[in-house]
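Below, chain A is the first sequence line, B the second, and so on; all start at residue 1.
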Amino acid sequence: MFRRSSVLLLLLPVVVLLVGCGSSDSKAGSGRLAVEQATVDRPVSQAQAALRFVIDNGTGTDDTLESVTTDVAGSSTIHESALSGGMATMKARDSVAVPAGSKVTFAPGGLHVMLEDLRRPLEVGDTFDVTLHFARAGSVTVTAKVVSPGAMTDDQEHDHG
Amino acid sequence: MVDKFHITRRRLIGAGAATGLGLLLGACGLEDGGSAEAGTADPDAGWSGTLVDPPFTKPDVTFTDFNGKPFPFKEKTEGRLTMLFFGYTSCPDVCPVYLNTLASALDAIDSGPGSRPIVLFVGVDVARDTPKKMKEYLGQIDDSFIGLTAEEPVIAKAIAHLKLGQPVIHEPDKDGNYAVDHPAGIIVFSPDNLGHRIFPANVRQKDWVKDLPRLDEGIYRTDQDAEHS
């Protein structure tokens, strides 16, 4: 209906930046699927919090993250934020592909697990268990840490200071 | 009952979206500012964000601030560096990160030009963005940030005036939670009361530190920058 191509062109670098989280960083040989750097921003509203982590699939087999569960939240849903046509959008994802030999990074402005209906206050330094459920690797439980809300700093990483 | 309410709201806002998009495509110069043509000076060189030419004027609307007081936008921001962002408080991912980035940039600027902009966060999810919730939300980020609410038509009018896309309230999931699409840009009004630059919400802290003092001093494009230095 409306032409949007020029607007989208302007936003293209941003979109690429934000969805470029699933970069293939092949480290063949670790031989296992690991979940690292699980963090939750201290919630600015006690209703929701964003959980993020890095999935390192060091196996030679493609896998799929199907769901995430934790006791601290009544519901946890895989979401993906994006910038599109000048709008910030967020939608639920049924699953996330984790190709063999790749790392998938959940990062601000991209993939995150939205924890809702928090069952207790989360303060910086608190830790709790989260379990990621994979199609092949099964359940992987890791400890997530509550960190200060991040900022977009020079190194583009979440500032966990 | 609940579903009906949300469907109604979605239609209402959806009608505004078409208007906003039409304005965006019909009149907005954003596309032109994003890339430099060969042989012409790039007004964005050395700047974050995009030059808006002609600049945005201020929308003539009155919001309600998070203390319940009227906030006539033009009067309250007259002559002041002002940053306007449309978001929603049930946004756990990008909104807090972007606002926190800005807060840390203001800490870094510390004093002098650009250190004390009026930062306005308009909650477009009017059902959930109550004054109380906005106060709690922004208070976790920066005490100086001001939360604003209004009836949907008022918000839609402001957004249309600024040629941004209108919010979309999505259908609630089985738990009653729902996502909201909202404009991603932050408009910065200079002390001349014009919005010369729009910034992507994911601007880096160092870019705010570089650009806000200049904007506060009335500089908003590269060629003008050269004249001043």
Side-chain angles (χ1 to χ4, degrees), chain A residues 1-14 17-18 40-52 74-75 77 79-92 106-117 148-156 158-159 161, chain B residues 17-18 21-22 24-25 28 30-35 50 86-87 89-105 128 133 136-141 163-168 170 173-177 179-185 198 200-208:
Chain A
M1 165 168 101
F2 291 115
R3 276 182 56 80
R4 308 178 56 158
S5 55
S6 55
V7 175
L8 290 173
L9 195 64
L10 167 68
L11 289 163
L12 195 60
V14 174
L17 176 73
L18 293 175
V40 173
D41 286 349
R42 175 176 54 79
V44 285
S45 145
Q46 282 299 339
Q48 301 97 5
L51 167 68
R52 304 184 180 94
S75 90
T77 319
H79 276 191
E80 184 165 23
S81 304
L83 298 180
S84 172
M87 301 294 284
T89 64
M90 188 174 72
K91 63 184 176 197
F106 282 48
L111 289 165
H112 59 279
V113 178
M114 179 135 152
L115 305 180
E116 294 174 284
D117 307 319
S148 300
M152 305 296 280
T153 51
D154 293 358
D155 60 4
Q156 198 210 317
H158 213 183
D159 178 9
Chain B
L21 189 57
L24 175 71
L25 295 174
C28 188
L30 289 182
E31 303 91 325
D32 303 322
S35 60
T50 303
F86 296 88
T89 61
S90 305
C91 163
D93 181 33
V94 297
C95 302
V97 173
Y98 299 160
L99 290 168
N100 204 56
T101 300
L102 176 57
S104 88
R128 292 184 296 186
K133 196 164 172 198
E136 175 193 320
Y137 184 88
L138 294 172
Q140 293 279 341
I141 297 169
K163 304 176 177 67
L164 301 170
Q166 293 289 347
V168 177
H170 288 282
D173 64 18
K174 60 180 172 23
D175 299 315
N177 298 309
V180 177
D181 297 350
H182 59 94
I198 181 166
N202 59 350
V203 65
R204 300 269 179 282
Q205 186 219 29
K206 67 171 182 187
D207 294 321
W208 285 132

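Looking at B:Thr89, the atoms closer than 4.5 Å to chain A (heavy atoms on both sides) all sit in the backbone: N, CA, C or O.
A pairwise comparison of heavy atoms in A:Ala107 and B:Asp93 identifies O-OD1, 4.5 Å as the closest pair. The minimum heavy-atom distance linking B:Ala184 with A:Ala88 is given by the pair CB-N, 3.7 Å.
Note that NE2 of B:His170 is 9.0 Å distant from CE of A:Met90, once rounded to the nearest 0.5 Å. The CE atom of A:Met87 lies 5.5 Å from the CG atom of B:Asp181; values are rounded to the nearest 0.5 Å. Between the CE atom in A:Met114 and the CG atom in B:Asp173 there is a gap of 8.5 Å [rounded to 0.5 Å]. Here A:Thr77 contributes atom OG1 and B:Asn177 contributes atom CG; the two are 7.5 Å apart, rounded to the nearest 0.5 Å.
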Taking it one step at a time, do B:Val168 and A:Thr89 satisfy side chain to side chain contact (heavy atoms under 4.5 Å, CB included)? CA-CA 9 Å; B:Val168 177; A:Thr89 64; over 6 Å; no

